[in-house]
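Here the structure is laid out as structure tokens; the discussion comes afterwards.
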2 protein chains.
Amino acid sequence: MHPSLLTRLRDRDYRLTSQRRVVAQVLEGPNVHMTADAVHQAATDILPEISRATVYSTLNELTQMGELRELSLDGRSKRYDPNVAPNHHHLVCDGCGQVFDVQHEVAPPTLTADETHCMTLGRAEIIYHGTCVSCTAP
Amino acid sequence: MHPSLLTRLRDRDYRLTSQRRVVAQVLEGPNVHMTADAVHQAATDILPEISRATVYSTLNELTQMGELRELSLDGRSKRYDPNVAPNHHHLVCDGCGQVFDVQHEVAPPTLTADETHCMTLGRAEIIYHGTCVSCTAP
DNA sequence: CTTGCTGCAAAGCTTTTGCATTCCT
DNA sequence: AGGAATGCAAAAGCTTTGCAGCAAG
């Protein structure tokens with residue numbers, strides 16, 4: 001099992017203010033893919049005076065540090081994933097936007113030399129699109 | 001070779017007004033992944049009085065019809081791809097946002113029964129992240 | 001005549017920014 | 001005290017919407 005987000009942050013030299021701790025706390029757990037707004041709402045329940053700007057800037061810092069992964073799944077708002085394991089992908093309901101983790105053993109097909117267009121390659125993510133049961137019947 | 005977007009639209013019963021024709025024209029060609037704003041700008045060069053709202057609504061309709069694919073690659077603005085072939089994926093520069101097509105022979109790994117979470121599966125898209133040559137050296 | 005498309009402007013949602021204040025060592 | 005983090009409010013970027021006018025069958 002991988003260490004939790006909060007544990008990882010303590011192990012780095014990252015100043016854990018109460019606001020930052022609450023943001024990390026809210027993002028803790030498996031299969032968590034919250035929008036910035038959802039994080040702010042959940043954080044507000046614990047720490048009522050936390051501001052939107054702080055939530056946004058914390059999310060951006062953690063993403064920058066590699067402790068969160070930013071997901072652009074639907075063109076609306078970004079989602080934040082505390083699971084940064086490799087070969088970890090997503091299944092999205094195109095109806096309601098709900099997200100499930102998909103953990104594979106194998107990596108996606110590699111690119112041939114001319115397919116890379118001289119770019120330095122980073123990770124490859126797979127987005128599986130689908131429709132969940134609630135969104136099927138109208 | 002697949003028929004072009006404009007050809008496909010003519011073959012359906014889609015009313016081709018001058019505005020819609022210009023939008024389709026601008027999106028014609030290989031390796032095209034424009035934002036709505038880019039489409040509007042390019043369209044304005046041809047048809048100066050075309051409005052933003054019309055461009056947006058046309059893009060949404062064509063996406064709905066399955067003639068365009070909406071790409072959420074970077075959490076900023078959506079991009080529109082006239083190439084709707086299967087096993088067609090994307091390589092994105094995380095620096096400048098430029099996009100290249102990637103055409104594979106094989107499909108991504110399939111999901112096991114419990115991985116689908118009872119969802120009806122649609123397409124699977126792979127996003128390869130990387131850094132292009134211009135974005136490498138600071 | 002009737003339906004649908006367009007343009008304009010306004011509103012909506014998400015995210016970022018500037019600046020004064022507060023917090024923490 | 002001094003540097004960093006926070007909150008507030010304003011601004012910025014992207015997209016949708018309501019409505020009046022126009023075009024086309």
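For clarity, every value in this text was computed on a predicted model and none was experimentally measured.
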* To do: Starting at atom CG of A:D13, determine the distance to atom P of D:dA4, rounded to an integer number of angstrom.
  => 14 Å
* Atom of B:A42, atom of B:M34 and distance for their closest heavy-atom approach -> CB-CE, 4.0 Å
* When you check every protein heavy atom under 4.0 Å of nucleotides 5-20 of chain D, what one-letter string (B, S, -) results, 5' to 3'? -> SSBB-----SBBB---
* Asked: Taking the inter-plane angle between the rings of A:F100 and B:H117 on a 0 to 90° scale, is it parallel (under 30°), tilted (30 to 60°) or perpendicular (over 60°)?
  -> parallel
* Asked: Does a side-chain N-to-carboxylate-O contact under 4.0 Å join A:E125 and A:R69?
  -> no
* Evaluate the side chain to side chain donor-acceptor pair (under 3.5 Å) criterion for residues A:H33 and A:D101: first the C-alpha distance (whole Å), next the side-chain angles of each, then the deciding distance (0.1 Å), finally the verdict. => CA-CA 9 Å; A:H33 311 92; A:D101 284 324; 2.8 Å; yes
* Nearest whole angstrom, please: distance from the C1' of D:dA24 to the CZ of B:R21. => 14 Å
* Dump the intermediate steps for side-chain contact (heavy atoms from CB on, under 4.5 Å) on B:V23 and B:E61, then the final yes or no. => CA-CA 12 Å; B:V23 168; B:E61 284 169 30; over 6 Å; no
